[in-house]
Amino acid sequence: MIPLNTDTEFTMNGYRYNPLEIENKWQEKWELGHSFKATHKDSRPKYYVLEMFPYPSGRIHMGHVRNYSIGDVVARLKRMQGFNVIHPMGWDAFGLPAENAAIKNKSHPARWTYENISYMKAELKKLGYSYDWSRELATCHPGYYKWEQLFFLKFMKKGLVYRKKAPVNWCPKCLTVLANEQVEAGVCWRCDSVVEKKELAQWFLRITSYAEELLEFLDSLSQGWPERVIAMQKNWIGKSTGMEINFQVEGLDQAIRVFTTRQDTLFGATFMSLAPEHELVPELIRDSPDKDRIAGFISNVSRMDQISRTSENMEKEGFFTGKYCINPVNGEKMPIFIANFVLVEYGTGAVMAVPAHDQRDLEFARKYHLPVKVVVQPEDGSVLSSELESAYAGPGTMVNSGQFTGMDNEQFKEAISDHLEQRGLGKKTVNYRLRDWNISRQRFWGAPIPVIYCQKCGPVPVPEKDLPVVLPQDAKMPEDGRSPLPDLQSFLEVECPECGSPGRRETDTMDTFVESSWYFARYADARNEQQPFDREAVDYWLPVDQYIGGIEHAILHLLYSRFFVKALRDLGYMDIDEPFSNLLTQGMVLKDGAKMSKSKGNVVDPDEMINKYGADTVRLFCLFASPPEKDLEWSDSAIEGAYRFLNRLWRLVMELLPELKPVGPCADMDHDALEPEEKALRTKEHESIQKISRDMNDKFQFNTAIAGIMELVNAIYLFKDESKDSPNRREVLSSAVSSVLTALSPITPHICEEMWSKMGYDCPLSQSLWPKYDSRALHREEVLVVIQVNGKLRSRISVPADVSREELKVLAQNDEKAIKHISGKEIVKMVIVPQKLVNIVVKD
RNA sequence: GCGAGAGUGGCGGAAUUGGCAGACGCACUGGACUUAGGAUCCAGCGGGAUAACCGUGGGGGUUCAACUCCCCCCUCUCGCACCA
């Protein structure tokens, strides 16, 4: 319920703050006036502000409201500061929930999706965001995914796409495979099911061929991106430099290739550990008497789910294959083991075990009574023996290392690398943790992968002229949750474009992260039907100057998008290296200390809040309660506070309305001619604009910017009651009120527009310019100076701003309160900070 | 274990980067107006015998002066984690 305002002052001009009425009115005006439509034929500098587009799940939630309110403030602010701003919005519209809803409602996923989009679009409009809706896109529209399919074909031609049969991550609940990035601690990123391994032929994007560039360019982002996002990406790419070394298998014409970053410990390698899935394993165990037991062990391990297999307290286990390999530097025989902790995906799937200098190898060696050989002695004087309790991984001097004994291990690392390379026993390599991106999904509601399997020609790309491969409208979703495509003859049956024989369409669709990897580029030219986007438009608008979204996309979406931009650049579609120059990761919206969720029953519905308080109040609360990167705790009383502030401002302006004139914010006037209170207010106004501009622009600290606005409002309240009537009173008041409305307008645009127009302005605030403070107005005649004695605050005095250091010294020493603390003591020193502070240092 | 960040009143949070700790707001207390107050206005609001003094997670240090810089430690949040 909106509290009914009946107080006399409030209604005296007949205007009551009615948020919904005002908001409707201005939203309509903006829409009819195409106020936020952007075009690249413009001489102003461009500014691209983008918020991560939403999945059309049904309703907007508070997380969206916060995200989009932050973005809208940036957009409106930059517009007022003279930029040509593009601020688009669209829908990340493919994905599994639509399929589930379709099964439930016995309809088509498209229907649910488009209904949600229209509902949520109305919600966004009610919040008054300054989007250029003419660029709206939905990724499930063939007009969008057609170009994605084109990119797929271009990638294919360039060797950036390949199909391979591989053990892949399978989510038993989503009935589809997942990319490595989508498996979090062994469970599905979306539904938390434990992920299984499955052997399937899948389509991969060769993101690893950009691994080095993706890593290197992180440095160029360090100014504009949060450090932790960069750290997470670095970590994910996981570069390590080392060597690949070959170990000849005894009695076989085969070598085992290992990857190591500690080639300096090669003399200490006493056995070999292979991943159970290593390709040589079958051959190595063929003649083993233990063959069956080993095979059982291998199938046990490889069938294990990711969680238990990679958990820390998993017991290290292995089996001896019965075979040996030869240490290339000392010719020693090393037993070959199969070990459950060796990962086939990383490095070469084989590890040279150096128990003295690697904790895992040590544990394994102790368990199976394998030799431990120290080859690096620490330089602190302690002497390690093979009895050591924990492995030593630090630096030191080489021992037991043939002719290299006595060398520093770091130098030796270089020496042994050259030594091995010269003899053809190994080579220096760089290894990445990053894997290629599996984009195949066994789902219906996604962009079809444009490939046809021909009985004769094999997989054949769909010719570009036949794009898009459209998702069938007549598909019926099977009850069991599988994709309908593999059973849909009308979709499936097709002629081979190369030889004309019967072919079958690929039924896998693309990972939905593919759509979100390039949507920001499509916004530059969203209605283009000839090509993905016009080169001129993309060159003008991209990169995104400010990207805003949740930290949960720190790796997935941001890494994929960076990869896409680099790949599209190399295909000649654009000329930038990175998509997002600046990134702001906003915190979550919490209620009772937890993320809002239906299951916890702590959801606050934005619609309800808008109906109760209006969009301006909801926006104000979201921006005021916490700085953007931090989590925001929802508070019913704090939103009341935001509403109260807007009412208070409304009352102030309505009361003063008869006096106010459209003089503009920070209006020019003869400062010296003003009364003292007028000077004070004018100075406060200009100081506030200085502070607010700084907080908003440089730091996106909207919370402190709003605090600054509130202070200015408080100052106006004081002024209106205390100042005398004078020739300049109206100008001073009008300017200050105009500054408040202008500065607040990016945050609460509707109420500000309304009061602005009531003040008599013709040009709407949304098209006005951000005020410039006059540094002359910042000058105060009197300043407050703090007096300390031995660093402790003792007094405050008001002095003329231009007082000299000497005068200040005298004033401070003669200050009554200061005298109490210095009398009878010797003044050792006086520290003067002009206009601020005097510190008198005394001793007894 | 590695990486990133945080720790300030009853609460959310400020502090121009070394110069008045607690801006702004919420909550609370007292008062005014009032049939009424959940509206509004005024005042107060870190602790403390309202005096000294003590206070920014703890302990040291640098400095005339430390929330801020340096060293050690504790706690919490997030991410990664048997990565060879």
Side-chain angles (χ1 to χ4, degrees), chain A residues 1 3-10 184-185 226-236 238 240 242 258-262 265 273 275 309-314 316 339-343 345-354 357-361 363-364 431-433 551-552 554-555 587-588 621 624-627 629-642 644-645 647-648 651 687 690-691 694-695 701 703-711 713-714 717 721 784-796 828-833 836-842:
Chain A
M1 274 292 280
L4 197 64
N5 296 293
T6 53
D7 95 48
T8 49
E9 193 178 80
F10 198 71
E184 295 167 349
E227 214 177 328
R228 60 174 174 151
V229 175
I230 291 179
M232 281 160 82
Q233 294 218 351
K234 268 193 183 149
N235 194 327
W236 189 263
S240 47
V258 305
F259 172 76
T260 180
T261 56
R262 289 302 305 273
T265 62
S273 305
R309 184 160 170 184
T310 56
S311 92
E312 197 160 1
N313 38 25
M314 163 111 164
K316 289 184 180 36
N340 61 351
F341 65 89
V342 180
L343 307 170
E345 311 88 50
Y346 186 78
T348 60
V351 180
M352 70 174 204
V354 187
H357 305 291
D358 183 289
Q359 188 58 32
R360 292 156 302 176
D361 294 343
E363 284 169 33
F364 197 85
N431 194 58
Y432 299 93
R433 210 184 74 121
I551 185 75
E552 64 272 19
I555 297 173
M588 287 186 301
F621 166 77
F624 181 56
S626 185
E629 335 64 73
K630 275 201 169 187
D631 286 348
L632 169 85
E633 174 71 31
W634 182 266
S635 156
D636 289 330
S637 49
I639 195 169
E640 289 277 353
R644 211 149 53 208
F645 169 72
N647 271 293
R648 182 170 141 86
R651 282 194 312 271
E687 275 175 356
Q690 182 187 36
K691 176 199 160 59
R694 189 176 52 224
D695 288 357
Q701 278 188 15
N703 56 331
T704 53
I706 293 165
I709 295 170
M710 289 172 165
E711 279 190 57
V713 170
N714 292 343
Y717 259 98
D721 294 333
L784 194 71
V785 168
V786 165
I787 302 176
Q788 298 181 337
V789 176
N790 284 349
K792 284 188 176 152
L793 175 71
R794 295 303 179 194
S795 181
R796 296 183 172 93
V828 183
K829 181 176 178 181
M830 289 186 78
V831 181
I832 317 275
V833 182
K836 273 214 175 115
L837 156 153
V838 179
N839 189 9
I840 308 170
V841 185
V842 297

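In what follows, chains are A, B, ... by sequence order, proteins preceding strands, each numbered from 1.
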Legend entry - Given B:rC20, B:rG25, B:rA84, the nucleotide with the shortest approach to the side chain of A:Leu793: B:rC20
Under-3.5 Å N/O pairs linking protein and nucleotides 45-49 of chain B:
none

Inset, instruction - Write down the distance between CD1 (A:Ile840) and C1' (B:rG19), rounded to a whole number of angstrom. - result: 15 Å
Inset, instruction - Would you mind classifying the nucleic acid contact of A:Pro627 as base, sugar-phosphate or nothing, using non-hydrogen atoms under 4.0 angstrom? - result: sugar-phosphate
Legend entry - A:Phe645 CZ - B:rU40 P separation (whole Å): 13 Å
Legend entry - Ring centre gap for A:Phe364 and A:Phe341 strictly below 6.0 Å: yes
Legend entry - Atom-to-atom span, CG of A:Asn703 to C1' of B:rA15 - whole angstrom: 12 Å
Legend entry - Proximity to the side chain of A:Val833 - top-ranked nucleotide from B:rC78, B:rG19, B:rA84: B:rG19
Inset, instruction - Treat primed atoms plus P, OP1 and OP2 as sugar-phosphate and everything else as base, then score nucleotides 26-34 of chain B 5' to 3': B for base contact with protein heavy atoms under 4.0 Å, S for sugar-phosphate contact only, - for none. - result: SS-------
Legend entry - Nucleotide nearest A:Arg796 (side chain, heavy atoms from C-beta), chosen from B:rA14, B:rC20, B:rA84: B:rC20
Legend entry - Proximal nucleotide (of B:rU40, B:rG19, B:rC54) relative to the A:Lys792 side chain: B:rC54
Inset, instruction - Please check the phosphate of B:rC41 (OP1 and OP2 only) for any side-chain N or O of A:Arg651 closer than 4.0 Å. - result: yes
Legend entry - Per A:Met710 side chain, nearest of listed nucleotides B:rG19, B:rC24, B:rC53: B:rC24
Legend entry - Nucleotide nearest A:Glu227 (side chain, heavy atoms from C-beta), chosen from B:rG5, B:rC64, B:rC24: B:rG5
Legend entry - Closest to the A:Arg360 side chain, choosing from B:rC83, B:rC41, B:rC20: B:rC83
Inset, instruction - Determine if the base of B:rG9 is syn or anti; take syn to mean the glycosidic torsion is within 90° of 0. - result: syn
Legend entry - Per A:Thr261 side chain, nearest of listed nucleotides B:rC24, B:rA84, B:rC78: B:rA84
Legend entry - Options B:rC64, B:rC78, B:rG25, nucleotide nearest the side-chain atoms of A:Arg228: B:rC78
Legend entry - Chi-based syn or anti call at B:rU34, which uses purine or pyrimidine torsion atoms and a 90° bound: anti
